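Here is the structure we will look at, set down as C-alpha cells.
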Amino acid sequence: MTFVKQPVLVLLVVSLILIYYAMRSAMEKLPKIRTIPALEAFEEAVGRAVEMDRPVHYTTGGSGSLFNKTAGAILASLSIMSHVAKLCARYGARLITTHRQAEVIPIAEEIVRTAYIAEGKTEDLTTDIVRFLGGSQFAYASGVLGILQREKPAANFAIGRYGGDALIVVEAGAIAGAMQVAGNATYGQMPFMIAVADYALICEEMFAAGAYLSEEPRLLGSIAGQDYVKIFAIALIIIGVIATLAGIDLNAILS
Amino acid sequence: MGLSKQNALGRREIILAIAAICATLTLLDYFVKTPIVYDLSKTVQNWAVVGAGFAMGIGLVNLALNNSRHITRRTPGRWQYSAWLLICMVVTLAIGILGSQEHPMFKWIFGNIYSPITSAVYASLAFWICSAAYRAFRVKNLEVTVFIISAFVMMYRNVPLGGMISPLIPALGDWILYNPTSATNRGIMITAAVGAIAVGLRTLLGEERVYG
C-alpha cells in the first residue's frame with residue numbers, strides 16, 4: 001500500500017481550514033464578505049427582463065462534465081442557476097436554461113422546479129424551460145446562437161465551464177441586446193468574456209457565488225476559509241522561493 | 001446523520017450518503033494505491049458511465065419533446081428547423097444503433113457532415129473576435145488602453161510581420177506572455193482549485209441545498 005503524500009497533506013489542510021471557518025461562522029459572527037458587483041447585478045438583470053417582457057437566458061457552458069475534474073464548475077453554475085430561477089419565479093420573468101451536458105438536465109429540471117415551488121409560482125412552470133442542446137461543444141454553441149437571436153433575451157447569464165464557445169455565446173448575447181453576466185472556470189477564455197460582458201465572475205468568484213447568494217452562515221464562512229487557504233498558498237510560495245534561492249531542494253525533503 | 005422526521009426513509013440523507021461514499025472511494029483511489037480501493041473505485045466509475053448513458057437518453061427525450069412542440073404548434077420560422085433536426089437525429093441514431101459506429105454510412109455522416117460543420121462553427125470565431133474587438137476596443141481608461149496595446153503586441157508577435165516591423169515586438173510579446181500573463185494564470189489556477197475544493201466539500205457535506 002502506498003500513499004501519495006504531498007497531495008494528501010495539501011487536501012487535508014485545505015479541507016480542515018474550510019471546515020473550521022464554516023463551523024466558526026455558524027457559531028460566532030459572520031465574516032465580512034466584500035461586495036461582488038456581478039452578483040449584485042442579478043436582480044437588475046432579471047428586473048430588466050420583466051420590464052422589457054423578454055426572457056432570461058441562463059447557460060452552463062459548452063465544456064466540462066459532471067464525470068470529470070470539471071464537475072466543480074458545473075456544480076457551481078447550477079448553484080447560481082437556482083438563485084436566478086428563484087428571481088425569475090418571484091418577478092415573473094420567463095426563464096430559458098440551456099445545457100450541453102445531458103447529465104445536467106435532470107438536475108437542472110429539479111432545481112428549476114424546486115425554485116418555482118419555493119416561490120409559489122408552479123403555474124409558471126413549463127416543460128420548455130430546461131433545454132438540452134446536444135452533446136458536442138459547437139452543436140451547443142449553434143443552439144445557443146439560435147436561441148439568442150430568435151428569443152432576444154433581455155438578460156444572458158453565461159456562467160459555467162466554457163471553451164472556444166465562450167466568445168460565441170457572449171458576443172451573440174451582446175448583439176441581441178442582452179445585459180450579460182459571464183463567469184468561467186477556465187482562465188483561457190476569461191479575457192473574452194470580461195471584454196464583452198457587462199459583469200464578470202472571475203474563476204474563484206464563480207465558485208463562491210452560490211455561497212454568497214445563499215447568505216447562510218456556514219457557506220459564508222467557507223468563503224472566508226478560501227481566503228485563508230490562499231494565504232496558506234502564498235506562504236508556501238514564499239517558502240518555496242526562499243528555499244530555491246538558498247539552494248535547498250524542498251522536493252527531495254517532502255518526498 | 002439525523003433522518004428527517006417527516007420522511008422515515010430520509011431521502012435527502014440517503015442520496016448524500018451514496019454521493020459521499022462514491023466520492024470518497026474515487027478520492028481514495030487517487031491518494032491510496034491499493035488493489036481493493038482501485039477495484040471499488042473502478043466499479044463506481046463504471047456505474048457512472050452507465051449513468052451517463054441513461055442521462056444521454058434523458059437529454060434525447062428533452063430535445064425531442066422541445067422540438068416536436070414547435071412542429072405541432074407550427075411555430076413560424078422555427079418548425080421547419082425542428083423537423084429537420086428530428087429527422088437528422090433519428091436517421092443518425094438508427095444507423096448508429098442498427099449498424100454500429102463502424103458502419104460506413106455512420107462514418108460518412110460523421111466525416112462529411114458533422115466534422116465540417118463543427119469546424120465551420122469553430123472557424124466563425126474569427127469573425128466573432130472581430131465583432132467583439134470592434135465594440136470592446138474603445139480607449140476609455142488606462143486599463144482598456146493597456147488591454148488594447150497588449151492585444152496588438154500579442155497579435156503581431158504571433159505573425160512574421162511583427163518581427164519584420166521591429167525585433168522589439170516579439171521580445172515584448174514574449175515578456176508579456178511569460179511574465180504577467182503566466183503569473184496571473186497561475187494565481188487564477190490556484191484560486192480556482194481552492195474554489196472547486198470548497199464547492200466539492202459543500203456538495204458532499206450536503207451544505208449546497210439546491211440539489212434537493
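This is a predicted model, so every value here is computed, not measured.
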Should the heavy atoms of other residues, nucleotides or ligands under 6.0 Å from CD1 of A/Ile231 be counted, would the total exceed 12? yes
Identify the two heavy atoms, one from B/Ala52 and one from A/Phe67, that lie closest to each other, and give their separation to 0.1 Å. CB-CE1, 3.5 Å
Side chain to side chain contact (heavy atoms under 4.5 Å, CB included), that's the test. Do B/Leu201 and A/Ser222 meet it? Break it down for me. CA-CA 10 Å; B/Leu201 262 178; A/Ser222 75; over 6 Å; no
Most chain A-contacting option - heavy-atom pairs closer than 4.5 Å, from B/Ile58, B/Ile197, B/Thr181, B/Leu65: B/Ile197
Contact winner vs chain B - A/Ala22, A/Ala185, A/Ala172, A/Pro106, heavy-atom pairs under 4.5 Å: A/Ala172
Name of the residue among A/Val169, A/Ile175, A/Val196 meeting side-chain contact (heavy atoms from CB on, under 4.5 Å) with B/Trp128: A/Ile175
Over all heavy atoms of both residues, which pair between B/Arg135 and A/Ala174 is shortest? Give the atoms and the distance, please. NH2-CB, 3.1 Å
Can you tell me which portion of B/Asn185 sits under 4.5 Å from chain A's heavy atoms? Options are side chain, backbone, both or neither. both
Within a strict 4.5 Å, meaning less than it, do heavy atoms of the B/Met56 and A/Phe132 side chains meet? yes
Counting only heavy atoms not in B/Met189 (residues, nucleotides, ligands), do more than 12 fall under 6.0 Å from its CE? yes
Measuring heavy-atom distances to chain B, does A/Thr127 have an atom under 4.5 Å in its side chain, in its backbone, in both, or in neither? both
Is B/Leu85 in contact with chain A via its backbone, its side chain, both, or neither, using a 4.5 Å heavy-atom distance? neither
Exceeds 12 heavy-atom contacts within 6.0 angstrom, atom CZ of B/Phe106: yes
Look at A/Val170, A/Asp128, A/Ile105 and state which one has the largest set of heavy-atom pairs under 4.5 Å with chain B. A/Asp128
What part of A/Gln137 lies closer than 4.5 angstrom to a heavy atom of chain B: side chain, backbone, both or neither? neither
Pairwise distance OG1(B/Thr191) to CD(A/Glu205) - rounded to 0.5 angstrom: 9.5 Å
Report the option among B/Gly200, B/Ser124, B/Ala196 that has the most heavy-atom pairs separated by less than 4.5 Å from atoms of chain A. B/Ala196
Chain A heavy atoms under 4.5 Å from B/Tyr81: which part of the residue, side chain, backbone, both or neither? neither
Measuring heavy-atom distances to chain B, does A/Ile237 have an atom under 4.5 Å in its side chain, in its backbone, in both, or in neither? side chain
Heavy-atom distance under 4.5 Å between the side chains of B/Ile188 and A/Met190, does that happen here? no
If I measure from the heavy atoms of chain B, does A/Leu11 come under 4.5 Å with its side chain, its backbone, both, or neither? side chain
Can you tell which part of A/Ala195 gets under 4.5 Å to a heavy atom of chain B, answering side chain, backbone, both or neither? both
Among B/Tyr114, B/Phe127, B/Phe147, the residue with the most heavy-atom pairs under 4.5 Å to chain A is B/Tyr114
Comparing A/Ala233, A/Gly210, A/Ser136, A/Ala141 against chain B, the one with the most heavy-atom pairs below 4.5 Å turns out to be A/Ser136
So B/Val121 and A/Ile168, do their side chains get closer than 4.5 Å, heavy atoms only? yes
Please look at A/Ala71 and chain B and tell me whether the side chain, the backbone, both or neither of the residue comes under 4.5 angstrom of a heavy atom of that chain. neither
In terms of heavy-atom contacts, does OH of A/Tyr21 have more than 12 from other residues, nucleotides or ligands at under 6.0 Å? yes
Side-chain donor-acceptor contact under 3.5 Å, B/Arg202 with A/Ser79: no
Nearest heavy-atom contact between B/Ala198 and A/Leu18 is CA-CD1, 3.8 Å
Heavy-atom closest contact (A/Leu167 atom, B/Leu125 atom, distance): CB-CD2, 4.0 Å
Heavy-atom contact with chain A under 4.5 Å, split by part of B/Phe54: neither
